[in-house]
Amino acid sequence: MKKEYIILLLLAMLTACQHGNKNEINDAMPYDSIYVIADLQWHKQYYPLLDRQVFSVDLLTEGLAFDSAYHITGTGLNLYFSDIFLSMTDSVLQEGIYRMDTTTQVRTFLPYKDFEGGNITGCYLLDIQESQIQRIIGFTAGELQLEYISEKDICLDILLYTTDSTRYHATYQGPANYR
């Protein structure tokens with residue numbers, strides 16, 4: 001019995017080595033859908049003196065969806081940007097390059113931050129299995145480039161980095177679904 005246990009343990013370790021570290025991130029991840037929220041009033045409680053429009057963006061891979069209560073269901077990845085800053089006159093995301101930083105300047109977005117008690121914000125990736133969060137990966141540097149390819153369709157090219165400099169590249173092309 002002990003010998004069988006050791007063999008199983010060795011097989012598990014070998015499999016883990018062949019499939020990489022659990023903290024590795026799949027590169028060049030294509031996303032299937034995007035949901036954009038532009039709601040200055042909701043953000044006013046967090047930024048009472050801010051003269052910027054604040055957007056939140058959810059990118060979902062195939063296999064994930066939102067239910068009627070806006071809870072994520074399914075299995076896949078959710079790339080989330082909690083705070084993307086634009087000018088007060090912008091009612092939709094604008095073309096251009098957006099950079100991660102904490103200044104709240106136009107065309108910036110916040111890095112990942114985990115406050116005490118598990119309250120997270122900024123830019124992070126949720127790995128969701130059967131509607132349950134399996135892991136959270138926070139990004140601390142990066143940028144995204146947005147281009148309109150038609151009146152309603154956008155193209156996103158996203159390059160992000162974790163604190164240990166792990167690179168994550170993601171793309172999206174399709175309609176921008178505003179809520």
Side-chain angles (χ1 to χ4, degrees), residues 15-39 42-43 46 54-67 69-86 93-94 96-105 107-147 153-179:
T15 302
C17 290
Q18 289 175 341
H19 293 293
N21 183 332
K22 184 175 181 171
N23 291 328
E24 288 180 1
I25 308 169
N26 293 333
D27 200 26
M29 179 58 62
Y31 282 84
D32 188 55
S33 58
I34 186 173
Y35 296 89
V36 182
I37 300 171
D39 187 358
W42 183 77
H43 286 92
Y46 298 106
V54 184
F55 290 80
S56 300
V57 172
D58 274 292
L59 288 152
L60 305 175
T61 58
E62 186 175 352
L64 285 183
F66 287 107
D67 64 14
Y70 203 64
H71 295 121
I72 296 175
T73 62
T75 296
L77 298 175
N78 170 216
L79 179 58
Y80 185 67
F81 297 84
S82 68
D83 300 285
I84 297 175
F85 302 99
L86 286 168
L93 293 174
Q94 299 298 305
I97 295 174
Y98 296 71
R99 290 187 172 78
M100 184 182 294
D101 77 30
T102 59
T103 64
T104 70
Q105 293 300 310
R107 292 201 179 130
T108 64
F109 58 97
L110 293 179
Y112 171 77
K113 177 117 173 128
D114 186 357
F115 296 98
E116 288 185 30
N119 186 12
I120 59 175
T121 190
C123 180
Y124 53 89
L125 180 72
L126 299 176
D127 181 358
I128 301 171
Q129 303 294 318
E130 298 178 17
S131 303
Q132 300 296 315
I133 297 172
Q134 299 301 305
R135 65 181 172 148
I136 301 169
I137 299 169
F139 298 105
T140 56
E143 67 181 35
L144 69 86
Q145 183 169 353
L146 186 147
E147 177 183 346
D153 289 345
I154 63 172
C155 179
L156 288 176
D157 189 30
I158 304 163
L159 184 59
L160 302 168
Y161 296 91
T162 63
T163 55
D164 68 358
S165 298
T166 300
R167 178 183 179 273
Y168 181 70
H169 180 228
T171 59
Y172 172 77
Q173 186 169 328
N177 302 304
Y178 284 84
R179 289 187 353 123

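What's counted below: heavy atoms across the whole structure, side chains too, no hydrogens, waters or symmetry copies.
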task = Please check if atom CD in E62 has more than 12 non-hydrogen atoms from other residues, nucleotides or ligands closer than 6.0 Å.
result = no

If every non-hydrogen atom of [X] is compared with every non-hydrogen atom of [Y], which pair is closest and at what distance?
{"X": "R107", "Y": "L86", "result": "CG-CD2, 3.8 Å"}
{"X": "T108", "Y": "Q105", "result": "OG1-O, 2.6 Å"}
{"X": "Y124", "Y": "G138", "result": "CB-CA, 4.1 Å"}
{"X": "L146", "Y": "Q94", "result": "CD2-O, 3.5 Å"}

ask   = For D101, what residues pass the side chain to side chain donor-acceptor pair (under 3.5 Å) criterion, not counting sequence neighbours?
value = T103

Qualifying residues under side chain to side chain donor-acceptor pair (under 3.5 Å), relative to Y35, sequence neighbours excluded = none

key: Of Q132, Q134, R135, the residue whose pairing with D127 passes side chain to side chain donor-acceptor pair (under 3.5 Å)   = R135

Going by heavy atoms in the side chains, are [X] and [Y] under 4.5 Å from each other?
{"X": "F81", "Y": "I158", "value": "yes"}
{"X": "I34", "Y": "I154", "value": "yes"}
{"X": "D32", "Y": "T61", "value": "no"}
{"X": "M100", "Y": "L144", "value": "no"}
{"X": "V57", "Y": "V36", "value": "yes"}

Starting at [atom1] of [X], measure out to [atom2] of [Y] and round the result to the nearest 0.5 Å.
{"X": "L125", "Y": "Y80", "atom1": "CG", "atom2": "OH", "value": "14.0 Å"}
{"X": "L60", "Y": "I128", "atom1": "CG", "atom2": "CD1", "value": "7.5 Å"}
{"X": "I137", "Y": "T163", "atom1": "CD1", "atom2": "OG1", "value": "11.0 Å"}
{"X": "Y161", "Y": "H169", "atom1": "OH", "atom2": "NE2", "value": "9.5 Å"}

Intermediate values then yes/no, side chain to side chain contact (heavy atoms under 4.5 Å, CB included), V54 and F85 = CA-CA 5 Å; V54 184; F85 302 99; 3.8 Å; yes

Do any side-chain atoms of residues 70-79 form donor-acceptor pairs under 3.5 angstrom with protein atoms, and if so which ones, sequence neighbours left out?
unit_1: Y70; atom_1: OH; unit_2: D58; atom_2: OD2; d: 3.1
unit_1: T73; atom_1: OG1; unit_2: A65; atom_2: O; d: 3.4
unit_1: T75; atom_1: OG1; unit_2: E130; atom_2: N; d: 2.8
unit_1: N78; atom_1: ND2; unit_2: D58; atom_2: OD1; d: 3.0
unit_1: N78; atom_1: ND2; unit_2: L59; atom_2: O; d: 3.2

inquiry  = Check the orientation of Y168 and Y31. Use parallel for under 30°, tilted for 30 to 60°, and perpendicular for over 60°.
reply    = perpendicular

task = For Y98, check ring pair (Phe, Tyr, Trp, His ring centres under 6.0 Å) against everything at least two apart and list the hits.
result = none

Under the ring pair (Phe, Tyr, Trp, His ring centres under 6.0 Å) test, residues paired with Y112 that sit two or more places apart = none

message = Could you walk me through whether T121 and S82 satisfy the side-chain hydrogen bond (donor to acceptor under 3.5 Å, both in side chains) test, starting with their C-alpha distance in whole Å, then the side-chain angles of each, then the deciding distance to 0.1 Å, before giving a yes or no?
response = CA-CA 6 Å; T121 190; S82 68; 2.9 Å; yes

query = Considering residues at least two apart in sequence or located in another chain, which fulfil the salt bridge (charged side-chain N to carboxylate O under 4.0 Å, His left out) criterion with R179?
reply = none

